[in-house]
4 protein chains.
Amino acid sequence: MMSRDKILDAAARMFSRSGYHRSSMDEIALEAGVAKGTLYYHFPGKAQMFQALITEGLQMITETIKAEIDRDRSLREQIETVIRLNVDLFLEYSELAHIFFNEISNGIEEDVLLAVRKERSAYNQFIADILIDAGIPPEDGPMAAAGILSMMDGLCSYYLRHPSEAKREQIDRLLYAAVTTGLRPM
Amino acid sequence: MMSRDKILDAAARMFSRSGYHRSSMDEIALEAGVAKGTLYYHFPGKAQMFQALITEGLQMITETIKAEIDRDRSLREQIETVIRLNVDLFLEYSELAHIFFNEISNGIEEDVLLAVRKERSAYNQFIADILIDAGIPPEDGPMAAAGILSMMDGLCSYYLRHPSEAKREQIDRLLYAAVTTGLRPM
Amino acid sequence: MMSRDKILDAAARMFSRSGYHRSSMDEIALEAGVAKGTLYYHFPGKAQMFQALITEGLQMITETIKAEIDRDRSLREQIETVIRLNVDLFLEYSELAHIFFNEISNGIEEDVLLAVRKERSAYNQFIADILIDAGIPPEDGPMAAAGILSMMDGLCSYYLRHPSEAKREQIDRLLYAAVTTGLRPM
Amino acid sequence: MMSRDKILDAAARMFSRSGYHRSSMDEIALEAGVAKGTLYYHFPGKAQMFQALITEGLQMITETIKAEIDRDRSLREQIETVIRLNVDLFLEYSELAHIFFNEISNGIEEDVLLAVRKERSAYNQFIADILIDAGIPPEDGPMAAAGILSMMDGLCSYYLRHPSEAKREQIDRLLYAAVTTGLRPM
DNA sequence: TATGAATGAGCCTTCATTCAT
DNA sequence: GATGAATGAAGGCTCATTCAT
């Protein structure tokens with residue numbers, strides 16, 4: 001495995017475990033099994049490394065979701081698939097996803113921040129389009145997507161923090177309900 | 001105004017503007033108009049200051065909401081009131097609320113973390129009870145509350161980042177819809 | 001003695017001994033007998049510390065020279081005095097003087113660089129005025145001053161590097177000659 | 001053009017533009033259009049590369065000056081020629097010349113430092129001999145040479161920093177005056 | 001009660017150098 | 001001859017915290 005990938009993997013693990021700021025370049029290098037200088041051989045700095053992680057990760061995710069959706073039939077199944085795949089990702093890379101959707105603004109260079117925000121906007125629009133397809137009014141699309149993704153974040157975090165109380169299928173069910181019938185069954 | 005209150009006010013402003021980590025003790029002292037040492041006279045450390053802020057702030061908020069709800073009649077109005085008051089708070093103290101609901105985990109002492117989480121759990125339960133009253137299945141209450149609060153966070157953040165696209169009333173409407181009918185109108 | 005002065009003293013020693021870049025903040029702190037953080041309590045950064053050193057040092061020097069000159073009578077004595085005092089300074093703070101007159105441009109922030117250059121220009125003009133008083137054509141004043149100060153730097157450096165060959169009085173004599181009769185006696 | 005020469009050329013440009021320390025091996029390699037490793041194939045290290053540059057450059061210069069001088073007649077013309085050629089060099093390779101005459105001492109290995117100093121001494125003696133021929137007392141020769149070379153450095157730097165104020169011919173004239181009649185016309 | 005000078009661990013980054021290919 | 005990925009020591013700087021007054 002090449003150094004660059006080892007680093008990106010380690011960074012994903014570290015960021016996902018400890019967040020952006022608490023993951024020091026020393027720790028990432030240690031986790032990746034390379035010297036600290038190697039990080040700077042492959043990336044201009046911490047922020048750009050984060051950006052590469054987001055960009056490359058998101059690309060894979062988007063492609064995965066697109067591929068899965070195309071194979072599905074009913075609208076219901078499509079929404080369920082999108083939810084399931086996203087929740088899987090959230091649960092696997094909880095902190096990283098969390099950072100991506102929330103914490104974007106810390107001591108990061110302006111240009112990197114902009115790039116990451118652009119990625120987030122694009123992903124939000126990607127989800128918005130799916131929601132609009134599913135019947136949500138176009139003018140509500142982007143906000144609804146932002147809302148759903150945040151809710152997903154909140155549910156996953158709650159689930160991870162209360163493993164005994166909550167069940168995995170609850171997450172999917174509540175998300176589906178929020179989109180289709182409301183959390184309150186009628 | 002006493003030093004302690006000036007500090008707490010300044011901390012709320014700073015945390016709300018720049019987040020927890022980007023607000024340095026120097027800046028908070030400057031904003032409060034006291035010497036840095038004074039912060040440590042009133043609070044054992046930064047984390048404990050944050051904790052005090054959360055605890056005391058939440059107490060006020062909870063009381064406000066309780067008072068408003070008691071005056072309301074219909075279930076619909078109750079939910080709308082809770083949403084409106086919460087959104088108002090989110091929009092005024094966006095970063096601080098954001099921290100409270102999301103970022104809690106950043107190098108903070110374990111005991112403070114626990115205390116803050118406890119506060120959050122209590123608030124989540126407070127909201128959950130209202131939602132259960134509104135017809136949500138009791139076993140879904142806490143998660144639904146977590147989901148709704150996160151969604152609120154996401155919608156407010158989106159609204160603040162896209163002032164031209166989004167409208168304030170959209171936030172309330174989408175939240176209400178997520179609880180009652182689903183984001184997708186039928 | 002206050003920390004700030006201890007630091008400035010240590011910095012003068014270190015810069016004078018090893019130049020700007022080879023003097024690390026660690027070493028300066030060690031030499032000053034304070035913690036590294038203390039340097040940053042008193043100065044925003046290394047460059048600003050250097051600037052303070054130059055500014056405050058130059059003020060003292062300028063005042064000393066002015067005081068000595070006023071007491072002198074003949075033009076000849078005035079020039080000799082200026083030369084002697086400057087050479088004394090060069091010999092005591094050789095590297096620092098060297099930096100001030102030469103090395104100004106390394107990795108220093110633009111604004112600090114400008115400030116130091118301004119100081120140098122002012123000092124150059126101060127010397128130029130004296131030279132013009134001494135009979136040098138006004139239009140040659142600033143360049144002649146720059147030339148003489150550099151020559152002084154060169155002679156002092158040579159003297160310090162060849163202690164056995166060169167004599168202190170040679171420096172003064174050659175400088176005086178360069179101004180008045182030419183290095184080549186007629 | 002062979003790698004070694006491309007590197008030396010690039011190094012001269014970089015050192016001349018940015019000084020010794022601000023020119024990184026990466027930049028030199030980039031400027032030379034070779035890989036970084038190639039630098040280390042041709043030179044043991046940065047310092048030795050610098051040394052080679054000085055040695056080989058100086059050889060050319062010395063030969064050029066010798067050739068020009070032999071063709072001249074009067075003493076006056078000889079001095080003027082030496083001055084002119086040297087000033088030309090200073091203006092073309094300002095930073096590099098500056099380093100050669102001034103900054104030599106920056107974290108460079110002791111042996112390289114010694115070698116460069118030796119080169120400088122030789123060049124100084126070369127100039128000293130010319131000055132002695134021109135009538136300067138032999139015992140003043142080396143110091144006078146050091147003084148003149150430094151003055152030249154100072155005048156050229158001043159000229160480059162104040163392109164609007166100063167004129168090129170002023171440099172030569174002042175230098176000639178310093179040697180022959182004194183800066184102050186009688 | 002309040003101050004502010006002083007601290008030092010920890011962080012991100014730079015860069016000359018090495019070495020397997 | 002030449003390459004470029006990898007290294008690690010060293011540097012400048014931040015900031016929560018301490019403490020004498």
Side-chain angles (χ1 to χ4, degrees), chain A residues 2-4 6-7 21-29 32-49 107-109, chain B residues 2-4 6-7 21-29 32-49 107-109, chain C residues 2-4 6-7 21-29 32-49 107-109, chain D residues 2-4 6-7 21-29 32-49 107-109:
Chain A
M2 315 233 319
S3 264
R4 191 173 185 284
K6 284 200 291 182
I7 291 170
H21 283 91
R22 276 161 302 151
S23 303
S24 73
M25 292 301 260
D26 280 84
E27 287 170 328
I28 294 171
V34 301
K36 200 183 353 180
T38 308
L39 304 187
Y40 289 89
Y41 180 76
H42 290 287
F43 305 97
K46 189 183 182 182
Q48 289 78 10
M49 191 175 86
I108 296 187
E109 285 78 43
Chain B
M2 316 241 310
S3 267
R4 192 174 184 283
K6 284 199 291 183
I7 292 169
H21 282 92
R22 277 163 300 155
S23 304
S24 72
M25 294 300 261
D26 280 83
E27 287 170 326
I28 294 170
V34 302
K36 190 163 36 160
T38 310
L39 304 187
Y40 289 88
Y41 179 78
H42 289 288
F43 304 97
K46 189 183 182 181
Q48 289 77 14
M49 192 175 83
I108 294 185
E109 283 78 34
Chain C
M2 316 238 312
S3 264
R4 192 174 185 284
K6 283 200 291 184
I7 292 170
H21 283 92
R22 278 161 302 151
S23 303
S24 74
M25 293 300 261
D26 281 84
E27 286 171 327
I28 294 170
V34 301
K36 196 177 8 172
T38 309
L39 304 187
Y40 290 89
Y41 180 76
H42 290 287
F43 305 97
K46 189 183 182 183
Q48 288 78 10
M49 191 174 85
I108 297 187
E109 284 80 43
Chain D
M2 317 243 306
S3 267
R4 191 175 184 282
K6 285 199 291 184
I7 291 169
H21 282 92
R22 276 162 301 156
S23 305
S24 72
M25 294 300 261
D26 281 82
E27 287 170 325
I28 294 169
V34 300
K36 190 161 38 159
T38 310
L39 303 187
Y40 289 88
Y41 179 78
H42 289 290
F43 306 96
K46 188 182 183 183
Q48 288 78 14
M49 192 174 83
I108 294 184
E109 284 78 34

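We name chains A, B, ... by the order of the sequence lines, and we start the count at 1 in each one.
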| task | Provide, to the nearest angstrom, the distance between the NZ atom belonging to Lys46(A) and the C1' atom belonging to dG10(E). | result | 12 Å
| request: Counting heavy atoms from C-beta on, name the nucleotide in dC12(E), dA16(F), dT3(F) closest to the side chain of Met25(A). | output: dC12(E)
| field | Contact list for DNA chain F against residues 32-40 of chain A - heavy-atom distance below 4.0 Å | value | Val34(A), Ala35(A), Lys36(A), Gly37(A), Thr38(A)
| query | Starting at the 5' end of DNA chain E, what dot-bracket string do you get if Watson-Crick and G-U pairs under 3.5 Å are bracketed, crossing pairs use [ ], other-strand pairs use | and unpaired bases use dots? | reply | .||||||||||||||||||||
| message | So, OP1 or OP2 of dT14(F): does either fall under 4.0 Å of a side-chain N or O from His21(B)? | response | no
| Residue mapping more 5' on DNA chain F - nearest nucleotide basis, Gly45(C) or Met2(A) | Met2(A)
| said: Can you tell me if Ser3(A) touches the phosphate of dA6(F), counting only side-chain N or O atoms and a distance under 4.0 Å to OP1 or OP2? | reply: yes
| dG10(E) P sits how many Å from Asp26(A) CG, rounded? | 10 Å
| message | Distance check, C1' atoms only: dT21(F) and dT1(E), in whole angstrom units. | response | 13 Å
| query | Between dT17(E) atom C1' and Ile28(D) atom CD1, what is the distance in whole Å? | reply | 14 Å
| note | Closest to the side chain of Ser24(B), out of dC15(F), dT13(E), dT3(E), is dC15(F)
| query | How long is the line joining CD of Gln48(A) and P of dC12(E), in whole Å? | reply | 13 Å
| said: Please find the pair of heavy atoms, one from Lys6(B) and one from Gly33(B), that lie closest to each other, and give the distance. | reply: NZ-O, 4.2 Å
| request: Take atom CD1 of Ile7(B) and atom P of dT1(E), then tell me their distance rounded to the nearest Å. | output: 12 Å
| remark: Here the gap from Arg4(B) atom CZ to Thr38(B) atom OG1, rounded to the nearest 0.5 Å, amounts to 13.5 Å
| Just how far, in rounded Å, is C1' of dG11(F) from CZ of Arg22(C)? | 15 Å
| query | Atom CZ of Phe43(B) to atom P of dT18(F): distance rounded to whole Å? | reply | 16 Å
| Can you find a heavy atom in the side chain of Met49(D) that is under 4.5 Å from one in the side chain of Ile28(D)? | yes
| request: Measure the spacing between CD of Gln48(C) and CG of Leu39(C) and express it to the nearest 0.5 Å. | output: 12.5 Å
| Between dA6(E), dC12(E), dA2(E), which nucleotide has the shortest distance from any of its atoms to the side chain of His42(C)? | dA6(E)
| note | Between CD of Glu109(A) and P of dC12(E) the distance, given in whole Å, is 11 Å
| query | Passes side chain to side chain contact (heavy atoms under 4.5 Å, CB included), His42(D) versus Val34(D)? Steps please. | reply | CA-CA 11 Å; His42(D) 289 290; Val34(D) 300; over 6 Å; no
| Straight-line distance of Lys46(B) NZ to Met25(B) CE, nearest 0.5 Å | 7.5 Å
